[in-house]
**Q** 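Let me begin by handing over the structure; questions about it come next.
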Amino acid sequence: MGYDETGRIAPVEASSGVPAAVLENVFDDPSHGEPGRDRIAVHVVWEFLLLLGLAAVTWLLWREDADALHGGALKTLLVDVAGLGLLTLAAGLSLRAAAVNLAIGPVALAAALHFAEQGDRGVREALLPALVVAALGGLALALAVVVLHVPGWAASLAGAAAVIVYIERRTSPVVVQGGYDPRRTALYLFVGFAAVAVLGGLFGAIKPVRRLVGRFRPVADPARRRGAVAATVTALALIASTVLAVLGGVLIAANGDGPVAPASGFDWSILAIGAVMLGGTSAYGRRGGIFGTLLAVCAVEVFLAWAVTQDWTISRWAVGGATLGAGLLVTRLVETFGRPRPTPPDGMPAGPSGDGTISTGWALTPSPEPADAWPSVLPVRDTDTVDSWESPRWESEPRRWDAGDR
């Protein structure tokens, strides 16, 4: 009986000990990282729990105020979901690229103040300059992160400080000018956010895309550069996150009931980052779910609407802090149960080769000898020992039982 042991004779890659023929299929990042593919089951389980939580808080809201899920109140809720959703997409994109952008909250608040002041000129006239400035600011942030190769949170804090200086030029709240009402297109805004969130999660679940987007994630010394491809992708993610933050800030300002008050805006950053982490995106980057971001944002906004029906005054800082704390626990779950399965000590991919494990539980281990080198099963004759049956005395001594002697 012969065994197919192609893995034993294949060339071995020096750095990992894995045969080069299977290296691409075994490693999620062939150049660096641990062997194996990321597991998605933990995201499926967690997103199912998020769905149950969303259903529970929606039922609580419906029981307290059924009108909150109908008519104009529902449209306002959908716009709130879309506004926070854009900020969460901005946080999630930079987080998946392993360069979290903490400036999204101040940028959103600055955009809200700008739109409140310039909204009477028209949506396009007020929005285009803000988008251009956001793109340039995101580019400056991206250059600081990828050229100096510094952590995204540190560089974005510096950028947030510059944005807060712009915000603090206002000493009093600003009433929103113009007649733009996003509630007229509430359903389209919500569907657009949901489509981007789910499609982004689906593409992020594809191994080459996930590997490409999360290439900036350190695998050894965090100060070591990860290459030009990682720098380019991370720069694009930071620019896109800054632009998305501006769009989210405009929706928040236009959907509000009162004037826009100057503040630091970091409460929005904490809430958005907490929501995306609660949805299953790892704080270390690269790993994330599919429906988690959508479900988490909906759950947070429905909870805030339910808190209003209870006459609770809850600070956005408190909700953001609680969400971020829960998101840290989710990150640990994702990194623990979402990492590749452990491999055998010899570096070969998990799973038996050849006939594998038989029904009795015994594993057939390939023999280190060649297949044609059969071991001897007969005893080796000792030339120094003489067999008594072959002794010469049987021929030299007289036979005592000879019939002629009687």
**Q** Considering only heavy atoms from C-beta outward, does the side chain of V260 approach that of L109 to under 4.5 Å?
**A**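 Sidechains of L109 and V260: in contact.
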
**Q** So if I apply the side-chain contact (heavy atoms from CB on, under 4.5 Å) rule between L131 and each of L136, V246, V250, which one comes out positive?
**A**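 Testing L131 for a side-chain contact (heavy atoms from CB on, under 4.5 Å) against L136, V246, V250 leaves exactly one candidate, V246.
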
**Q** Return the set of residues passing side-chain contact (heavy atoms from CB on, under 4.5 Å) with V100 (not counting sequence neighbours), or none when no residue passes.
**A**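 Counting only residues at least two positions away or on another chain, V100 forms a side-chain contact (heavy atoms from CB on, under 4.5 Å) with S94, L95, L102, W153, I273.
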
**Q** Does Q177 use its side chain to pair, donor to acceptor, with the backbone of V175 at less than 3.5 Å?
**A**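 Checked: pair present.
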
**Q** I'd like to check K75 versus F190 (side-chain heavy atoms, cut-off strictly below 4.5 Å). Are they in contact?
**A**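 With C-beta onward as the side chain, the pair stays apart.
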
**Q** Listed by chain and number, what are the ring-ring contact (aromatic ring centres under 6.0 Å, His included) partners of F115, not counting sequence neighbours?
**A**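 Not a single residue meets the ring-ring contact (aromatic ring centres under 6.0 Å, His included) criterion with F115.
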
**Q** Just how far is it from atom CG of L77 to atom CZ of R183, taken to the nearest 0.5 Å?
**A**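 Reported to 0.5 Å precision, the distance equals 12.0 Å.
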
**Q** Please report the shortest heavy-atom distance between I270 and L324, naming the atom on each side.
**A**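 The answer is CG2-CD2, 4.1 Å.
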
**Q** Can you spot which of L244, L93, L139 makes a side-chain contact (heavy atoms from CB on, under 4.5 Å) with I239?
**A**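 Answer to the side-chain contact (heavy atoms from CB on, under 4.5 Å) test with I239 among L244, L93, L139: L139.
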
**Q** How about L69 and T58: do any of their side-chain heavy atoms sit closer than 4.5 Å?
**A**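 Side chain of L69 against side chain of T58, heavy atoms only: contact under 4.5 Å found.
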
**Q** Using 0.5 Å steps for rounding, measure from the CG atom of L328 to the CG atom of L333.
**A**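 Answer for the CG-CG pair, L328 versus L333, is 11.5 Å.
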
**Q** Does F303 form a side-chain contact (heavy atoms from CB on, under 4.5 Å) with L60? I'd like the steps, not just the answer.
**A** CA-CA 9 Å; F303 170 77; L60 290 175; over 6 Å; no

**Q** Any chance you could measure R217, atom CZ, to R96, atom CZ, to the nearest 0.5 Å?
**A**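 These two atoms lie 11.0 Å from each other.
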
**Q** So, does T331 use its side chain to make a donor-acceptor pair with the main chain of A283 at under 3.5 Å?
**A**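 Pair found, side chain donor or acceptor close to backbone of A283.
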
**Q** Decide side-chain contact (heavy atoms from CB on, under 4.5 Å) for V334 and H43; before the verdict, give the C-alpha distance in whole Å, the side-chain angles of both, and the deciding distance to 0.1 Å.
**A** CA-CA 7 Å; V334 169; H43 295 286; 3.7 Å; yes

**Q** Is there a donor in the side chain of D65 and an acceptor in the side chain of T309, or the other way round, less than 3.5 Å apart?
**A**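 Absent: no donor and acceptor within the cut-off.
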
**Q** I want to check something: taking the side chain as every heavy atom from C-beta on, are L78 and L189 in contact at a cut-off of under 4.5 Å?
**A**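 Not touching, per the 4.5 Å side-chain cut-off.
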
**Q** In Å and rounded to the nearest 0.5 Å, what is the OH to CG distance from Y180 to L127?
**A**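 If we round to the nearest 0.5 Å, Y180:OH and L127:CG are 9.0 Å apart.
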
**Q** Shortest non-hydrogen contact from A134 to T242?
**A**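 Taking every non-hydrogen atom into account, O-CG2, 3.4 Å.
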
**Q** Kindly write out the residues that satisfy ring-ring contact (aromatic ring centres under 6.0 Å, His included) with H70, not counting sequence neighbours, or none if the list is empty.
**A**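 In terms of ring-ring contact (aromatic ring centres under 6.0 Å, His included), with neighbours along the sequence ignored, H70 is linked to no residue.
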
**Q** Is it the case that R184 places NZ or CZ above or below the six-membered ring of Y188, under 6.0 angstrom from the centre and within 45 degrees of the axis?
**A**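 So R184 doesn't make the cation-pi contact.
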
**Q** Using a 4.5 Å cut-off on heavy atoms from C-beta on, say whether the side chain of F216 contacts that of V145.
**A**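 They are in contact (side-chain heavy atoms under 4.5 Å apart), so the answer is yes.
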
**Q** So which atom in T234 and which in A97 form the shortest heavy-atom distance, rounded to 0.1 Å?
**A**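 T234 and A97 have their closest heavy atoms at OG1-O, 3.8 Å.
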
**Q** Compare every heavy atom of L89 with every heavy atom of V196, then report the nearest pair and how far apart it is.
**A**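 Of all heavy-atom pairs spanning V196 and L89, the closest is CG1-CD1, 3.7 Å.
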
**Q** Between F266 and P106, what is the shortest heavy-atom contact and its length?
**A**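 Scanning both residues, the minimum pair turns out to be CE2-CG, 4.1 Å.
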
**Q** May I ask you to decide if N101's main-chain N or O and S156's side chain share a donor-acceptor pair within less than 3.5 Å?
**A**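 No; zero donor-acceptor contacts below 3.5 Å.
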
**Q** Check whether E64 reaches the backbone of W306 with its side chain - one donor and one acceptor, N or O, closer than 3.5 Å.
**A**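 Side chain of E64 to backbone of W306, a donor-acceptor pair under 3.5 Å: no, none is there.
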
**Q** Do L271 and W268 have side-chain heavy atoms sitting under 4.5 Å apart?
**A**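 Yes; the side chains approach each other to less than 4.5 Å.
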
**Q** Please tell me if the side chains of E301 and L84 come closer than 4.5 Å, counting only heavy atoms from C-beta onward.
**A**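 The answer is yes; the side chains approach within 4.5 Å.
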
**Q** Quick check for you: to the nearest 0.5 Å, what is the distance between L212 atom CG and F203 atom CZ?
**A**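 Separation between the atoms: 13.0 Å.
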
**Q** Find out whether R210 and R286 are in side-chain contact, i.e. whether some heavy atom of one side chain is under 4.5 Å from a heavy atom of the other.
**A**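 They are in side-chain contact.
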
**Q** Run E117 and R169 through salt bridge (charged side-chain N to carboxylate O under 4.0 Å, His left out) and show every step you take.
**A** CA-CA 13 Å; E117 294 172 342; R169 295 174 57 189; over 6 Å; no

**Q** Before giving the answer on side-chain contact (heavy atoms from CB on, under 4.5 Å), spell out for I252 and L87 the whole-Å C-alpha distance, their side-chain angles and the decisive distance to 0.1 Å.
**A** CA-CA 10 Å; I252 292 172; L87 294 183; 3.8 Å; yes

**Q** For A155 and V150, which heavy atoms make the closest approach, and how far apart are they?
**A**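 Taking every non-hydrogen atom into account, CB-CG2, 4.2 Å.
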
**Q** Between atom CG of L329 and atom CG of L278, what is the distance when rounded to the nearest 0.5 Å?
**A**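 Separation between the atoms: 10.0 Å.
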
